[in-house]
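These notes are about the structure you will find just below.
Naming convention: chains lettered A, B, ... in sequence-line order (proteins, then strands); numbering from 1 in each chain.
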There are 2 protein chains.
Amino acid sequence: MAKTGERTRAVSGSALDGLPFALDRSSPVPLYYQLAQQLESAIEHGALAPGNLLGNEIDLSTRLGLSRPTVRQAIQSLVDKGLLVRRRGVGTQVVHSQVKRPLELSSLYDDLEAAGQGPTTHVLRNERVPAGPDVAAALGIAEGAEVTRLERLRSAHGEPVASLCNYLPPALFDLDTERLEATGLYHLMRATGITLHSARQTVGARAATAEEAGRLGEEEGAALLTMQRTAYDDTGRPVEYGTHIYRASRYAFDFQLLVRG
Amino acid sequence: MAKTGERTRAVSGSALDGLPFALDRSSPVPLYYQLAQQLESAIEHGALAPGNLLGNEIDLSTRLGLSRPTVRQAIQSLVDKGLLVRRRGVGTQVVHSQVKRPLELSSLYDDLEAAGQGPTTHVLRNERVPAGPDVAAALGIAEGAEVTRLERLRSAHGEPVASLCNYLPPALFDLDTERLEATGLYHLMRATGITLHSARQTVGARAATAEEAGRLGEEEGAALLTMQRTAYDDTGRPVEYGTHIYRASRYAFDFQLLVRG
DNA sequence: CAGTGGTCTAGACCACATC
DNA sequence: ATGTGGTCTAGACCACTGC
């Protein structure tokens with residue numbers, strides 16, 4: 001698979017001694033990105049251990065045959081990911097973390113699937129309704145405008161886990177019930193060319209009503225996790241509003257926060 | 001307050017028509033940062049409305065008397081914050097968002113204070129204890145090593161809101177009980193030179209035990225929000241592990257997630 | 001003092017979107 | 001065909017850290 005412009009350089013000095021870096025100038029993949037990926041995998045594989053210095057950027061760039069800004073761009077992307085720390089007058093070192101995973105916009109379906117829980121979805125409703133005041137406010141549309149309303153029950157191991165109610169703005173296509181039962185909502189949206197960018201969530205708890213308890217297989221009064229979420233695409237337009245309830249005995253939210261600079 | 005190098009330029013063209021930009025080259029504040037701040041405030045004040053094009057980077061840089069990379073750095077920082085979107089071949093535009101606030105590493109004390117709820121803290125315990133297995137694992141130290149254990153009850157408007165239990169690694173100073181009652185734990189840590197960087201959280205729910213109900217002023221069996229958190233400094237070392245319970249009737253977590261690139 | 005990252009410049013060529 | 005952002009270069013000077 002080697003392309004024409006490829007070359008490998010063994011970098012010497014500091015903690016990068018002997019590590020091979022293969023930069024392919026004929027690849028459409030940006031050089032800074034190639035370097036960032038190789039540094040990241042070196043860190044994950046332990047070739048670069050926590051606390052190791054990376055060596056100064058000038059040397060690194062001449063040794064790799066790159067300019068300093070390009071090397072900086074690669075390093076910066078890893079700093080943003082929380083894998084490296086820069087200290088002026090000291091150098092760049094690998095972070096001491098046991099933390100590996102950054103956060104994702106948590107998709108319940110993906111979470112369950114990743115945990116090998118064999119998630120299934122039952123679509124209870126898939127219809128068009130006029131937007132109520134809360135939905136209209138969340139989606140930034142007029143009250144009474146038509147939206148798609150989706151009610152789903154999600155199970156794992158045949159046991160109900162969560163009851164999901166979502167509203168989608170009118171511009172969004174009709175959702176195929178069959179495909180909704182086969183995968184998560186976010187997967188479907190991504191496949192339609194929507195790129196999710198951010199979401200605002202409120203997580204709380206309350207006791208189950210008799211109706212909710214029946215639907216989820218809990219006792220009345222059992223603790224439930226509640227979540228309301230509005231998701232936005234990369235232009236900042238709301239693309240989904242949802243109200244979800246989870247059986248607290250079977251699910252908890254797990255996520256990582258980064259302090260913004 | 002004008003310093004020597006200051007100058008103001010009115011940028012013309014696109015949506016920046018007539019907006020004054022004051023760049024002070026004698027200031028220690030980086031030029032890209034000055035520009036980013038002024039763009040951000042223009043967006044917040046509505047001078048730049050959602051959907052507005054920013055005009056191309058080359059023109060912008062010559063008009064501002066800056067180089068293109070510097071202008072790009074300013075724009076990039078706002079893209080990272082989710083305020084702008086770049087589209088190749090199109091331009092850079094202001095995001096269509098109703099979303100304003102990025103997330104913070106949520107500090108309960110700060111949250112309550114920002115909401116004008118007049119938070120108060122009562123320190124129940126502040127002592128040294130040997131680390132149990134869960135604490136040792138979270139803080140990355142040996143089981144049985146000495147850690148600081150902190151138990152606090154936090155109230156707002158004179159009503160209890162949360163019961164907080166925290167463990168701090170041995171390297172961390174002794175915490176002054178008096179100051180702990182006057183502010184939040186994170187404020188104290190910041191004042192000691194620790195820069196928080198990230199945190200891993202698990203949020204769940206369960207019914208209150210009789211003891212918890214009594215402490216928080218709830219009925220036994222009432223829904224409680226639970227949170228476990230490990231916080232890390234900028235070198236990736238764990239600096240705090242906590243187990244918190246909140247009255248679900250009085251508190252909910254509110255945060256924003258960004259999809260990582 | 002020497003070494004590091006932080007900032008900045010003035011160009012260049014390319015890939016992509018739109019008309 | 002034109003205009004945009006995306007990438008890259010080869011320098012420069014400064015601020016901070018540590019010895």
Side-chain angles (χ1 to χ4, degrees), chain A residues 5 7 13-16 23-37 39 51-80 83-95 193 195 234-235 261, chain B residues 5 7 13-16 23-37 39 51-80 83-95 193 195 234-235 261:
Chain A
R7 50 180 164 174
S14 75
L16 285 77
L23 298 173
D24 181 356
R25 296 192 98 97
S26 71
S27 160
V29 179
L31 292 171
Y32 78 89
Y33 193 80
Q34 294 183 38
L35 176 56
Q37 279 193 319
L39 283 172
N52 281 177
L53 267 302
L54 231 62
N56 81 63
E57 299 171 348
I58 311 273
D59 284 2
L60 195 51
S61 58
T62 62
R63 280 200 276 242
L64 292 171
L66 296 174
S67 70
R68 186 184 169 204
T70 302
V71 170
R72 273 185 68 80
Q73 195 174 358
I75 292 177
Q76 187 59 48
S77 70
L78 297 184
V79 170
D80 292 341
L83 294 174
L84 297 176
V85 201
R86 290 196 220 251
R87 298 179 182 283
R88 178 143 54 171
V90 178
T92 303
Q93 38 185 324
V94 180
V95 127
T195 61
D234 57 0
T235 71
Chain B
R7 50 181 164 175
S14 76
L16 285 76
L23 298 173
D24 180 355
R25 298 193 96 96
S26 71
S27 161
V29 179
L31 293 171
Y32 79 89
Y33 193 80
Q34 293 183 39
L35 176 56
Q37 279 192 318
L39 283 173
N52 281 178
L53 268 301
L54 230 62
N56 81 62
E57 298 171 349
I58 311 272
D59 285 2
L60 195 51
S61 58
T62 63
R63 280 201 276 243
L64 292 171
L66 296 174
S67 69
R68 186 185 170 206
T70 301
V71 171
R72 274 184 68 80
Q73 195 174 357
I75 292 177
Q76 187 59 47
S77 71
L78 297 184
V79 171
D80 293 340
L83 293 174
L84 297 176
V85 201
R86 289 196 222 250
R87 299 180 181 284
R88 181 145 50 175
V90 178
T92 302
Q93 38 185 324
V94 179
V95 125
T195 60
D234 57 0
T235 71

Let me confirm one number: the [atom1]-[atom2] distance from [X] to [Y], rounded to the nearest 0.5 Å.
X: B:Leu31; Y: B:Leu64; atom1: CG; atom2: CG; answer: 10.0 Å
X: B:Leu39; Y: B:Leu83; atom1: CG; atom2: CG; answer: 10.0 Å
X: A:Leu60; Y: A:Leu35; atom1: CG; atom2: CG; answer: 6.5 Å

Q | Side chain to side chain, B:Leu53 and B:Arg87, heavy atoms closer than 4.5 Å | A |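 B:Leu53 vs B:Arg87: side chains apart.
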Q: Would you indicate whether the side-chain heavy atoms of B:Leu84 and B:Val95 approach each other to under 4.5 Å?
A: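 Counting from C-beta outward, B:Val95 and B:Leu84 never come under 4.5 Å.
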Q: Can you see which heavy atom on A:Asp234 is nearest to which on B:Val85, and at what distance?
A: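 Heavy atoms only, the tightest pair is O-CG2, 3.1 Å.
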Q. Can you name the closest pair of heavy atoms from A:Arg25 and A:Leu66 and give their distance?
A.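 In terms of heavy atoms, the two residues are closest at NH1-CD2, 4.0 Å.
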(Q) Return whichever of B:Thr92 or A:Leu31 has its heavy-atom-nearest nucleotide of DNA chain D closer to the 5' end. (A)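 Upstream on the strand: B:Thr92.
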Donor-acceptor pairs under 3.5 Å, side chain of residues 68-75 of chain A to any protein atom, not counting sequence neighbours: which ones?
| unit_1 | atom_1 | unit_2 | atom_2 | d |
| --- | --- | --- | --- | --- |
| A:Arg68 | NE | A:Glu57 | OE1 | 3.0 |
| A:Arg68 | NH2 | A:Glu57 | OE1 | 3.0 |
| A:Thr70 | OG1 | A:Ser67 | OG | 3.0 |
| A:Arg72 | NH1 | A:Glu57 | OE1 | 3.2 |
| A:Arg72 | NH1 | A:Glu57 | OE2 | 3.3 |

For nucleotides 16-19 of chain D, print each protein N/O atom paired with a nucleotide N/O atom at under 3.5 Å, atom names and distance only.
| unit_1 | atom_1 | unit_2 | atom_2 | d |
| --- | --- | --- | --- | --- |
| D:dT17 | O4' | A:Arg88 | O | 3.4 |

Q | Span of DNA chain C, from the first to the last nucleotide whose atoms fall under 4.0 Å of chain A heavy atoms | A |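 Going 5' to 3' along DNA chain C, contacts run C:dG3 to C:dT7.
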**Q.** Gap between atoms CZ and P, on B:Arg68 and D:dG3 respectively (whole Å)
**A.**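 The distance from CZ of B:Arg68 to P of D:dG3 comes to 15 Å, rounded to the nearest Å.
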Q.
On the nucleotide D:dT4, are OP1 or OP2 found under 4.0 Å from the side-chain N or O atoms that B:Asn56 carries?
A.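 For D:dT4, OP1 or OP2 has a side-chain N or O of B:Asn56 closer than 4.0 Å.
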Q) When we call it a touch if two heavy atoms are under 4.0 Å apart, what does A:Pro30 touch: a base, just sugar-phosphate, or nothing? A)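 A:Pro30: backbone/sugar contact only, no base atoms under 4.0 Å.
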(Q) Please classify the nucleic acid contact of A:Ile58 as base, sugar-phosphate, or nothing, using heavy-atom distances under 4.0 Å. (A)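 A:Ile58: no heavy atom of the nucleic acid under 4.0 Å.
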